[in-house]
2 protein chains.
Amino acid sequence: MAVSPHVDLSRRERQIMDVIYARGSATVREVMDRIPDPPSYSAVRAMLRVLEEKGHLKHEQDGPRYMYLPVVPREKARDSAMKQMLRTFFDGSAERAVAALLDMPGSGLSRDELDRLAKLIEQARKEGR
Amino acid sequence: MAVSPHVDLSRRERQIMDVIYARGSATVREVMDRIPDPPSYSAVRAMLRVLEEKGHLKHEQDGPRYMYLPVVPREKARDSAMKQMLRTFFDGSAERAVAALLDMPGSGLSRDELDRLAKLIEQARKEGR
DNA sequence: GCGGTGTTGCTAAAATTTTAGCACTATGCT
DNA sequence: AGCATAGTGCTAAAATTTTAGCAACACCGC
């Protein structure tokens, strides 16, 4: 069963997975409250069930209700989403992506953050030998 | 009409928009050839028509065929996709996103690229005063 | 001129996604 | 105990997405 994250998801399924990845886990109600143009409680429930059938989610009993969790760990999903993003908008170049992040309107990178990034780059340079 | 890029697209619509943004523009056949698990020519045509109706695409006559172009410019679409990505996978932090790009498996940032990025950061630091 | 190829314009159907709603269970409060 | 609240399990229908296929037109090489 492929479970390739982020591709072959429908519109609402993607919105739901986004919420769950953003929070780490979520209940039906939490998902619903965070979806734009929110669908009904029932609709969300049904879609969570479908996502579970498809192997994207699992759930645990959390007191009286279900807590849904991603099957593919956040980091893996993140990486494959990033790759897709690089292909689509940055001609596959990680450099360009970083550059775009640096001057994204409202990304608001503070001096401290920039310092830390400078260090990371320095480090990558040393390692990449 | 909103035309908010990337949200409220169906699965195939998104795949199509991705191809078009990746290439800048595309014909029916070009789109079809670049979609995984490719749909029929007819299907692609129909979806391009729908995307045009919805205001995501426009087309120009290119010799005998149509050339489809995005209505929202690449950079704008890119930024909003990036923001979504930051929210979902990086807790809204551009710094974390950059860090992830730096050690993404197979991102393959060369020494030269790292050098250029170091410069960009230096520059951002100076400007951000 | 003629057939083959590649395109668009349609329409309608198949498939999937999305929604609503009823039945039932557990919990907490009075 | 009785009732309201909040949850799940289902099923079935509505809505949207996705597909197939025919008709017409233009172009190209023969």
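Both backbone and side-chain heavy atoms feed into the values below; hydrogens, waters and symmetry mates do not. To find a chain, count down the sequence lines: A is the first, B the second, and so on, and within it residues start at 1.
The nucleotide range of DNA chain D contacted by chain A, defined by atoms under 4.0 angstrom from heavy atoms of the protein and reported 5' to 3', is D:dG7 to D:dT11.
Counting only residues at least two apart or in different chains, salt bridge (Lys or Arg N to Asp or Glu O under 4.0 Å) contacts with residues 31-45 of chain A are absent.
Every side chain to side chain contact (heavy atoms under 4.5 Å, CB included) that A:F90 has, sequence neighbours left out, goes to A:M85, A:L86, A:R96, A:A97, A:A100, B:R78, B:M82. Residues that satisfy the side chain to side chain contact (heavy atoms under 4.5 Å, CB included) test with B:A43, not counting sequence neighbours, are B:P39, B:S40, B:M47. With sequence neighbours left out, the side chain to side chain contact (heavy atoms under 4.5 Å, CB included) criterion links A:T88 to A:Q84, B:D18, B:Y21.
The backbone N or O of A:L9 sits less than 3.5 Å from a side-chain atom of B:R14, completing a donor-acceptor pair. Under a 3.5 Å cut-off, the side chain of B:Q15 and the backbone N or O of B:R12 do not form any donor-acceptor pair. Put simply, the side chain of A:E113 gets close to the backbone of A:S110: a donor and an acceptor are under 3.5 Å apart.
Between B:Y66 and C:dG6 there is no side-chain polar atom (N or O) within less than 4.0 angstrom of OP1 or OP2.
Protein atom CD of B:E52 is 12 Å distant from nucleotide atom P of C:dC10, rounded to whole Å.
Annotation: proximity of residues 37-49 of chain B to DNA chain D (heavy atom, distance under 4.0 Å) is found for B:P39, B:S40, B:S42, B:A43, B:R45, B:A46, B:M47, numbered in ascending order.
With salt bridges taken as basic N to acidic carboxylate O contacts below 4.0 Å, one links B:E30 and B:R23.
Contacts of A:V50 with the nucleic acid, taken as non-hydrogen atoms under 4.0 Å apart, are absent.
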